[in-house]
Amino acid sequence: MGIKGLTKLLADNAPKAMKEQKFESYFGRRIAVDASMSIYQFLIVVGRTGMETLTNEAGEVTSHLQGMFNRTIRLLEAGIKPVYVFDGKPPDLKKQELAKRYSKREDATKELTEAVEEGDKDAIEKFSKRTVKVTKQHNEECKRLLRLMGVPVVEAPCEAEAECAALCINDMVYAVASEDMDSLTFGAPRFLRHLMDPSSKKIPVMEFEVAKVLEELELTMDQFIDLCILSGCDYCDSIKGIGGQTALKLIRQHGSIESILENINKDRYQIPEDWPYQEARRLFKEPNVTLDIPELKWNAPDEEGLVQFLVKENGFNQDRVTKAIEKIKFAKNKSSQGRLESFFKPVVSTSVPLKRKDTSEKPTKAVANKKTKGAGGKKK
DNA sequence: ACTCTGTTTCGAGACGAT
DNA sequence: TGAAACAGAGT
DNA sequence: ATCGTCC
């Protein structure tokens with residue numbers, strides 16, 4: 001998923017569009033996160049050794065709950081206000097991509113079976129990870145957990161990445177955190193990579209601003225979308241022999257895919273037949289998203305509910321859960337003062353302290369968009 | 001020399017005790 | 001799944 | 001910083 005080679009393309013051609021940021025600098029900010037992506041990572045890595053995973057008494061996996069719980073607490077403790085966005089129905093154009101993944105999992109499942117028969121531990125380790133699939137149940141359990149934690153959940157009509165971008169475009173969140181570069185293609189004004197990494201590893205948070213990307217590439221948003229399609233996206237094939245570099249050249253030279261098609265040597269470059277690039281473009285430009293969502297609120301945790309769900313139903317350690325709940329409450333008090341306080345302490349560089357009234361995401365009290373209010377026109 | 005393609009290989013959480 | 005590092009082939 | 005554990 002994502003756009004092939006876009007990270008490198010931007011690093012080479014638009015280095016100023018990304019800047020390192022401190023994890024701490026997001027104190028008080030609302031950040032949209034693609035939930036399914038996180039769950040997928042958790043299932044792969046949390047508590048897995050070979051085919052062993054974390055499970056409750058019923059034998060159901062709990063890795064996603066463990067991961068989601070800890071990570072969310074970590075975010076809240078940093079004063080960040082996460083909004084988890086869940087996937088809806090994928091667009092038809094993505095079906096083939098999904099089919100591809102499905103068959104890959106099938107292959108991996110077979111190879112896993114063989115590895116088990118042969119007792120090849122390394123192979124078991126390797127292939128079991130590739131058979132991971134996020135199910136409806138994983139998603140529902142995480143929604144339940146997050147709601148109990150007092151963290152808002154958004155159900156996207158279609159692609160979560162697109163919904164995240166829409167939330168950001170409409171100032172309902174400050175930025176989108178993802179590892180998936182197509183957040184930019186969906187137009188997310190601010191896009192954060194490696195948000196979680198600085199703690200465990202020493203990779204800094206990378207912040208991309210789509211406006212700067214366009215400025216530095218000297219492209220319009222429409223042209224950037226075409227560039228992404230040519231580079232290779234989830235929705236359709238790309239042209240053999242054209243990668244990021246030449247795609248950028250061609251777009252700069254001709255301005256659009258249509259114009260490129262009119263001007264390039266079709267003997268040299270094989271254009272895929274039935275190439276739905278226009279459909280792909282439409283999915284990026286006018287994705288199926290909704291702003292008709294409940295007001296984003298970060299509530300106090302439901303302590304009894306969390307104990308019931310995590311301890312009683314899923315075998316979590318009572319003490320750990322209790323301590324975690326205390327962390328949430330403490331973090332909530334601390335951050336309920338919002339970014340205001342942070343204006344006095346850390347001297348932010350020249351970045352984006354409080355240009356617009358974007359601290360509107362703070363309980364400045366008063367106004368606050370009552371339910372889906374601010375949704376209005378702005379689309380498109 | 002440059003660019004794209006294909007292959008391979010690796011890594012992907014977070015906590016707390018030590 | 002991706003992304004980085006490498007080899008290979010086409011221009 | 002490393003390593004076992006989380007369920």
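Letters A, B, ... are given to chains in the order of the sequence lines, protein chains preceding strands, and every chain is numbered from 1. Model, not experiment: these values are computed from the prediction.
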Report which part of the nucleic acid A:S63 touches: base, sugar-phosphate, or nothing (heavy-atom distance under 4.0 Å, all strands). nothing
Polar side chain donor-acceptor pair, A:E161 to A:S178, under 3.5 angstrom: yes
Using a 4.0 Å cut-off on protein heavy atoms (strictly under), produce a 5'-to-3' string for nucleotides 4-11 of chain C with B for base contact, S for backbone-only sugar-phosphate contact, and - for none. -------S
What nucleic acid atoms does A:K129 come within less than 4.0 Å of, heavy atoms only: base, sugar-phosphate, or nothing? base
Does A:K136 NZ have over 12 foreign heavy atoms under 6.0 Å away? no
Just call it for A:G5: base, sugar-phosphate, or nothing, with non-hydrogen atoms closer than 4.0 Å on any strand. nothing
Give me the distance, rounded to whole Å, that separates C:dG2 from B:dC15 when you measure between the P atoms they each carry. 27 Å
State yes or no: do A:M206 and A:Y26 share one hydrophobic cluster built from I, L, V, M, F, W and Y residues joined by side-chain heavy-atom distances below 4.5 Å, directly or via other members? no
Atom-to-atom span, CE of A:M37 to P of B:dG11 - whole angstrom: 20 Å
Take atom CD of A:E77 and atom C1' of B:dA14, then tell me their distance rounded to the nearest Å. 12 Å
Test item: side-chain donor near acceptor, A:Q308 and A:E304, under 3.5 Å: no
Would you kindly give the CD1-to-P distance between A:I203 and B:dA14, to the nearest whole Å? 12 Å
Given atom CG of A:D182 and atom P of C:dA3, what is their separation to the nearest angstrom? 10 Å
Passes salt bridge (charged side-chain N to carboxylate O under 4.0 Å, His left out), A:E111 versus A:R130? Steps please. CA-CA 10 Å; A:E111 299 196 74; A:R130 294 189 195 169; 5.1 Å; no
Nearest-Å distance, NZ (A:K4) to C1' (B:dT3)? 13 Å
For the P atoms, the ones on B:dT8 and on D:dC6, what distance do you get once it is rounded to whole angstrom? 38 Å
Using heavy atoms to find the nearest nucleotide of DNA chain B for A:R130 and A:R74 separately, return the residue whose nucleotide is more 5′. A:R130
Do A:T55 and A:E60 have side-chain N/O donor and acceptor atoms under 3.5 Å apart? no
Between B:dG11 and D:dC3, how many Å separate the two P atoms, rounded to a whole number? 15 Å
Can you list every pair that meets ring pair (Phe, Tyr, Trp, His ring centres under 6.0 Å) and has a residue in residues 103-144 of chain A, with sequence neighbours left out? A:H64-A:H138
Please, which pairs that meet ring pair (Phe, Tyr, Trp, His ring centres under 6.0 Å) have at least one residue in residues 196-247 of chain A, sequence neighbours excluded? A:F191-A:F208, A:Y235-A:F284
If the C1' atom of D:dC7 is compared with that of B:dT7, how far apart are they to the nearest Å? 39 Å
Pick out the pairs of N or O atoms, protein on one side and nucleotides 5-7 of chain D on the other, that lie under 3.5 Å.
from  : atom 1 : to     : atom 2 : distance (Å)
D:dC7 : OP1    : A:N317 : N      : 2.9
D:dC7 : O3'    : A:T62  : OG1    : 3.3
D:dC7 : O3'    : A:N314 : O      : 2.3
D:dC7 : O2     : A:T55  : N      : 2.8
D:dC7 : O2     : A:T55  : O      : 3.2

For atom CG of A:L9 and atom P of C:dG2, their distance in whole Å: 17 Å
With rounding to whole Å, what would you report as the distance between B:dA14 and C:dT1 at their C1' atoms? 22 Å
Value in whole Å for how far the P atom of B:dG13 lies from CD1 of A:I44: 9 Å
Compile the donor-acceptor pairs under 3.5 Å between side chains in residues 5-12 of chain A and protein atoms, sequence neighbours left out, one pair per line.
from : atom 1 : to     : atom 2 : distance (Å)
A:T7 : OG1    : A:R193 : NH1    : 3.2
A:K8 : NZ     : A:D12  : OD2    : 3.1

Between atom CZ in A:F42 and atom C1' in B:dC15, what is the gap in whole Å? 13 Å
Comparing A:G241 with A:Q41, nearest DNA chain B nucleotide closer to 5' gives the residue A:G241
Report the nucleotide, chosen from C:dA3, B:dG13, C:dT1, that has the shortest atom-to-atom distance to any side-chain atom of A:R71. B:dG13
Tell me which donor-acceptor pairs under 3.5 Å the side chains of residues 84-91 of chain A have, and how far apart each pair is, sequence neighbours excluded?
from  : atom 1 : to     : atom 2 : distance (Å)
A:Y84 : OH     : A:T72  : OG1    : 3.0
A:D87 : OD1    : A:A160 : N      : 2.8
A:D87 : OD2    : A:S36  : OG     : 3.3

